[in-house]
Amino acid sequence: MHPRTLFEKIWDNHIVHQGAGEPALIYIDCHLVHEVTSPQAFAGLRIAGRKVRRTDKTFATMDHNVPTSDRSLPIVDPISKQQIDTLVQNCRDFGITLFDLQSKDQGIVHIIGPELGLTLPGITLVCGDSHTSTHGAFGAFALGIGTSEVEHVLATQCLLQEKSKTFLMSVNGALPYGVEAKDIILSIIGEIGTSGATGYVIEYAGDTIRALSMEERMTVCNMSIEAGARAGMIAPDEKTFRYLKGRRYAPVDFKSAIKRWKTLPTEAGAIFDKTLSIDASRLAPQVTWGTNPGQVVSINGTIPHPADAANPDEKKSTERALEYMALMSGTRIEDISIERVFIGSCTNARIEDLRRVAAFVKGRHVSQKVYAMVVPGSQQVKRIAEEEGIDVILKEAGFDWRESGCSMCLGMNPDILKPGERCASTSNRNFEGRQGKGGRTHLCSPVMAAAAAIEGHFVDVRQYGSRTVLPFKLESYDDGTL
Amino acid sequence: MALERSFRLSWKAMTMEPFKVHNGLVTVLDMPNVDTDQIIPKQFLKRIERTGFGPFLFYDWRFLEDQTPNPAFEMNAARYQGATILVTRTNFGCGSSREHAPWALLDYGIKAIIAPSFADIFYNNCFKNGILPVTLSTEAVETLFQAVREKHRFHLTINLETNEVKSNNGLCFSFDVDPHRRHCLLNGLDDILLTLQHEDKIQRYESQL
Ligand code: SF4
C-alpha cells in the first residue's frame, strides 16, 4: 500500500460502504450534541418513529445560549429556556447522557470533549457545530455537520461523506516571545483567505506544531473552519497520550490504545493535494480589523486601503468592513481604542489560556473605560482556575469572572455588545453583528486581549518583556508517566 | 419488516421536495463572503422548528432599527419580490454549520442560489433541504448580475436534468454538480432511508468494534 496520511488512515478505517459514484458511508465513533442545532433533528426522529442508534456514543451538553451569571437563578429568556428544556427532554426520551447546567462537567462542547477523554486519536467525531474541527488536535477526524446530518447520525451512527482533499500546513521555527497559537492560525487564515482550504482537510505539522501544548493545538485546529477547511488535524504524540491518560472516557487498556495510536501519523512519502510552509519565527501578534477572520494584520500594521485589494470582490469586502467597523485606512492598529474585552470561547477559554492571562494581568488593572469579562470554557476549567487562585487574580485586576458557556462568542445569551461598541475578543468570528447587533469585534490572542483591557487600546505585548512568561505549571494532568 | 416500517414512515416524514426544473424570478445580493450570521442572525436560532425563519432572513441588512424594510438593501426593491433564485458572490454561506441558514432561505422562497463558490457545510446543507446551489464562473455570475439589473423582473430557468441555467433572452450556462447529490435532489431522496438500506453493513462494522 502507498504511504498514507493521518487523514487517509482514519478514513479507510471507517468506511462502512462505498458505492460507485456515491459519497462514502463512514462510521461515527463519537457524536456531541448541543441545544441549538439538535431540536429539529430529534423532532425528525420522532416523526419517523426512529431511535438513537448508539446512545453509548452520543453525549450532549448545553452551551450556546446558557446564561453565564449565577446558575441558581432561573433563565430569564423564555425562548432560551425552551431550547434548553427541549434538550433535557430529548436526552431523557432518547436515553442520551447529558451534562446539563447543574453538571460539574458542563461547558462548551469542544472544551468538554477533550476534558472528558471523549476526543481520542484515530476516531471520527461529529457535532452540529462548525468548530468541531477543534478535536482534530488529538489526531481525530472531527467535523461540523448540519441538523439533517445530526439526525442522520443519531439514526444510523453513520455519515455520508465525500472524501476530502488533503492540505499539509507545515509550520516550523521557534515562536517569538509574545506570539501564540492564535497568532499562527490567524496569520494562516490571513494568508490563504476564508475559503483558502475549502474542500480540504488540513494537517498541521512541523516542529512549531510539535512544540505546542495540547491546548494550543486545539486553538489552531479550532479555527481551521475559518479558512474554509472541512477539518484540521494534528498527529498524536506523547503529549496527546499524556493529556488523555486518566480522563474519564479514555480507554481502560491505555497501553494498547497507545500502541494503536502510534500507527496513525502520516507516513514518510505520503502525498498531500496541497502544501504550504509557514515560518513561525517571523510571526508577530495578530489583530483582525475587518468582518471576517482573514481580514487580519500584525499588531504593528495599519488598516489597509480598499485600493490595494487583490480583486473587485476583495475591494467590496474591504470597503464594507471598514464602514461597518468604523475604521479609516492607514490607522495604526495600536491606535484603536476598545471598550469591551471578551476572554472566552472554544478557541481560547481553556485553563492554559486563563493561566497566561492571569500571569499577565497580575498586579495590573483593567482600564477605567473598559468592561472586560472572562468566561471559562467549562465548569472543569472554572474549578481548576479557582483552585489555582486565577479567579482572584482576574477579579483583582478588574475582570468579571463568569460561569461557563459560549457567551459573547456569539451572543445568544444576554452577554452582547451594544451597537457601536468595540471589543477585543479571543473568540473565532468577527462577523457583522456576531457579538451583538452593530458590535465591532477584533480577534486576537488571550494575552493581546488582556493587554488591550489594561491599556484601553491594542498594544504590542512584546513590549512588556518577560512578564508575559508563564509562572504557572503547564499541564495539570501531566504526571510525567505514561 | 423493521426496514419496511421505517420506509413507510420515512416517506411520510419526508419534507424534501424533488428539484427537477425550476423557473423563477431572480434577486441579487451583491456581497462576497456572506456568512451564516448574516443569513440568519443568531437571535433567531432559538426556534425549535424548521419553519418560520423566512421573515428573519438577512435581518440586520433587510430591516432598519424600527423594523421597517431598509430601502438601501437591494433585495427589498419591489421588482425582486417573489424571487425564488438568488444570484450572489463568492464564498456564500461561510461560517457556522447552522442549517437555519438554508431553512431561512427556503422559507423566504429561495429554491436555487447561483454563485462563483460556496462554503462547504452550507453547500451540503442546501442539498439536504432541496435547495440547489449552482456554481458558475465569476464571469457568468457577473453577466447575470448585469442582466438582472437591466431587465425588470428577470427570470431564469434552472434545469437539473440537463444541468443548465437559461434565460428567455438567450443566456445559457451549463453547470457541474456531483452526480449522487444530483440524483438525490432530482428524486427528493431521504439520506437516512438510503443509509438504512445498508443496515447489514453497519451491523457488520459494529460487530468488529
Ligand atoms: S464558543 Fe463560539 S464558536 Fe465555540 S461552539 Fe460556542 S458559539 Fe460556537
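Protein chains get the first letters and strands the later ones, always in sequence-line order, with residue 1 at the start of each. The basis for the numbers below is simple: all heavy atoms, side chains too, and nothing from hydrogens, waters or symmetry mates.
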Exercise. If you count heavy-atom pairs under 4.5 Å between each of Ile145(A), Thr37(A), Thr132(A) and chain B, which one has the most?
Worked result: Ile145(A)
For this session: Locate the shortest heavy-atom distance separating Phe63(B) from Lys437(A); write the atom from each residue and the value.
Result: O-NZ, 4.3 Å
For this session: Can you see which heavy atom on Ile202(B) is nearest to which on Tyr27(A), and at what distance?
Result: CG2-CE1, 4.1 Å
Problem set entry | Donor + acceptor pair across side chains of Asp191(B), Ser148(A) (<3.5 Å) | no
Exercise. Chain B heavy atoms under 4.5 Å from His131(A): which part of the residue, side chain, backbone, both or neither?
Worked result: neither
For this session: Answer with side chain, backbone, both or neither: which region of Leu209(B) has an atom nearer than 4.5 Å to a non-hydrogen atom of chain A?
Result: side chain
Exercise. Using non-hydrogen atoms only, which part of Leu410(A) is less than 4.5 Å away from chain B: side chain, backbone, both, or neither?
Worked result: both
Problem set entry | Pair Arg53(A) + Glu206(B), salt bridge at N-O below 4.0 Å | yes
Exercise. In chain order, what residues pass the side-chain hydrogen bond (donor to acceptor under 3.5 Å, both in side chains) check against Glu162(A), with sequence neighbours excluded?
Worked result: none
Problem set entry | Atom group of Gln435(A) that falls short of 4.5 Å from chain B, counting heavy atoms | backbone
Exercise. Does any heavy atom of chain A fall under 4.5 Å from the side chain of Gln43(B), the backbone, both, or neither of them?
Worked result: neither
For this session: Give the member of Val150(A), Asp129(A), Ile416(A) that has the highest number of heavy-atom pairs under 4.5 Å with chain B.
Result: Asp129(A)
Problem set entry | Glu432(A) versus Trp61(B), side-chain donor and acceptor atoms under 3.5 Å | yes
Exercise. Which one of Leu143(A), Thr147(A), Thr86(A), Ile15(A) has the most heavy-atom pairs closer than 4.5 Å to chain B?
Worked result: Thr147(A)
Exercise. Of all of Asn129(B), Asp178(B), Asn125(B), Asp35(B), which one pairs up most often with chain A through heavy atoms under 4.5 Å apart?
Worked result: Asp35(B)
For this session: Pick one of side chain, backbone, both or neither for Glu142(B), based on which atoms fall under 4.5 Å of a heavy atom in chain A.
Result: neither
For this session: Measure distances from Arg429(A) to the heavy atoms of chain B and classify the residue's part below 4.5 Å as side chain, backbone, both or neither.
Result: side chain
Exercise. Can you tell which of Leu160(A), Val153(A), Val16(A), Leu159(A) makes a side-chain contact (heavy atoms from CB on, under 4.5 Å) with Thr195(B)?
Worked result: Leu160(A)
Exercise. Between Arg320(A), His17(A), Lys316(A), which residue shows the highest count of heavy-atom pairs closer than 4.5 Å to chain B?
Worked result: His17(A)
